[in-house]
Amino acid sequence: MPSPSHPSAETSLPLSFAQERLWYINEVMPGTPLYNVPKAWEIAGALDVEALTRGVNEIVARHDALRTTFRLVDGRPAQVVAPPGPAEMHVVDLTSRPEQERADALAACIAEMANAPFDLETGPLFRTSVIRTAPELHILLIVVHHTVFDGGSLRRFSDELYALYGAFVSGNPSPLPPLSMQYADYA
């Protein structure tokens with residue numbers, strides 16, 4: 001549900017001071033992965049990738065920040081919030097590789113995804129992957145640019161995904177209430 005200051009069409013909004021600082025750093029050092037925020041969770045047991053993807057898409061639809069990019073508007077950097085759309089879930093299957101090769105491939109895959117640069121102007125500034133290392137062992141990896149995500153966001157993301165995944169696996173609708181405020185409201 002869009003907040004009052006967020007119409008559903010693409011809109012430009014002012015940056016917070018923290019976002020402005022990170023935007024300027026990106027202008028000086030474009031493509032640096034220093035401000036990528038990676039997080040990996042190990043998931044043991046059966047995994048419903050469709051329910052997980054649906055949960056991630058629900059979170060992206062709920063939080064404008066995960067659909068935000070940054071552009072110059074009238075000579076000043078601005079947040080541009082895109083309308084909700086599906087987030088891409090990359091699935092990497094390493095199960096056919098020998099065990100030692102699998103561990104090396106997992107480390108390389110995580111490093112590659114965590115260090116891939118983001119383009120602040122075109123986005124998206126959020127990406128997710130599921131890496132299957134055994135039939136019932138998976139790694140969920142998210143990587144987000146720090147302009148749209150911080151430590152508090154990480155906890156909220158994991159809490160919401162846990163609730164959404166449980167609901168969607170059970171065939172229930174989202175249990176989460178609509179948000180009353182978005183990050184751009186704060187900025």
Side-chain angles (χ1 to χ4, degrees), residues 1-41 52-90 110-130 140-165 174 176-187:
M1 167 187 227
S3 65
S5 64
H6 292 80
S8 58
E10 196 170 275
T11 306
S12 63
L13 303 158
L15 276 64
S16 70
F17 291 122
Q19 287 173 323
E20 195 168 291
R21 180 180 63 84
L22 291 168
W23 181 86
Y24 282 119
I25 290 170
N26 187 73
E27 289 295 295
V28 174
M29 300 180 345
T32 181
L34 291 174
Y35 295 100
N36 290 5
V37 180
K39 176 63 178 168
W41 291 270
L52 184 66
T53 302
R54 188 173 164 210
V56 168
N57 279 315
E58 179 74 18
I59 292 169
V60 171
R62 285 171 56 77
H63 295 278
D64 290 357
L66 296 177
R67 300 186 319 277
T68 297
T69 55
F70 300 87
R71 298 188 192 128
L72 286 176
V73 176
D74 297 327
R76 296 199 40 84
Q79 296 184 63
V80 179
V81 179
E88 193 172 338
M89 175 73 74
H90 299 279
I110 289 173
E112 179 183 337
M113 291 179 197
N115 291 310
F118 286 103
D119 183 328
L120 296 187
E121 189 171 325
T122 62
L125 303 181
F126 173 83
R127 56 181 169 251
T128 57
S129 299
V130 169
L140 170 62
L141 176 65
I142 66 163
V143 184
V144 189
H145 195 274
H146 193 44
T147 52
V148 298
F149 205 80
D150 62 12
S153 304
L154 183 59
R155 178 169 174 92
R156 179 171 215 144
F157 177 89
S158 62
D159 289 348
E160 288 187 6
L161 186 58
Y162 183 80
L164 291 165
Y165 180 77
S174 170
L176 303 177
L179 297 174
S180 61
M181 186 174 202
Q182 297 285 340
Y183 183 76
D185 296 322
Y186 161 78

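Basis for what follows: all heavy atoms, side chains included, without hydrogens, waters or symmetry-related copies. All figures in this text were calculated on a predicted structure; none of them were measured in a lab.
Using a 4.5 Å heavy-atom threshold, the side chains of Tyr24 and Leu15 count as separate. Contact of the Glu121 side chain with the Asp119 side chain is registered, since non-hydrogen atoms from C-beta on lie closer than 4.5 Å. When side chains are defined from C-beta on, Thr32 does not count as touching Pro117, because their heavy atoms never get closer than 4.5 Å. Counting heavy atoms from C-beta outward, Phe157 and Phe126 have side chains that approach closer than 4.5 Å. Contact check for Thr147 versus Asn26: no side-chain heavy atoms found under the 4.5 Å cut-off. Side-chain contact check for Thr53 versus Thr128: every heavy-atom pair is 4.5 Å or farther apart. Looking only at side-chain heavy atoms (C-beta outward), Phe149 and Ile142 come within less than 4.5 Å of each other.
Put simply, the side chain of Arg127 gets close to the backbone of Met113: a donor and an acceptor are under 3.5 Å apart. Not one N or O on the side chain of Gln79 forms a donor-acceptor pair closer than 3.5 Å with the backbone of Phe70.
Note that CG of Leu120 is 11.5 Å distant from CZ of Arg71, once rounded to the nearest 0.5 Å. Taking NE2 of His63 as the reference point, atom OG of Ser153 lies at 8.5 Å (rounded to 0.5 Å). Atoms CG and OG1, on Leu125 and Thr69 in that order, are 6.5 Å from each other to the nearest 0.5 Å. To the nearest 0.5 Å, atom CG of residue Asn57 and atom CZ of residue Arg62 are 13.5 Å apart. Taken from NE2 in His146 to CG in Asn36, the straight-line distance is 11.0 Å, to the nearest 0.5 Å. The line from CD of Gln19 to OG1 of Thr68 is 7.0 Å long, rounded to the nearest 0.5 Å.
Annotation for Pro124 and Phe118: closest pair O-CD2, 3.3 Å, computed over non-hydrogen atoms. Listed here is the closest heavy atom pair of Pro77 and Leu72: N-CD2, 3.6 Å. In terms of heavy atoms, Leu164 sits closest to Ser174 at CD2-OG, 3.3 Å. The minimum heavy-atom distance between Leu141 and Ala40, with the atom names listed, is CD1-CB, 4.1 Å.
Remark: Arg67 engages Asp64 in a salt bridge, criterion side-chain N to carboxylate O under 4.0 Å.
Evaluated for a side chain to side chain contact (heavy atoms under 4.5 Å, CB included) with Ser129, the options Glu88, Met89, His90 yield exactly one hit, His90.
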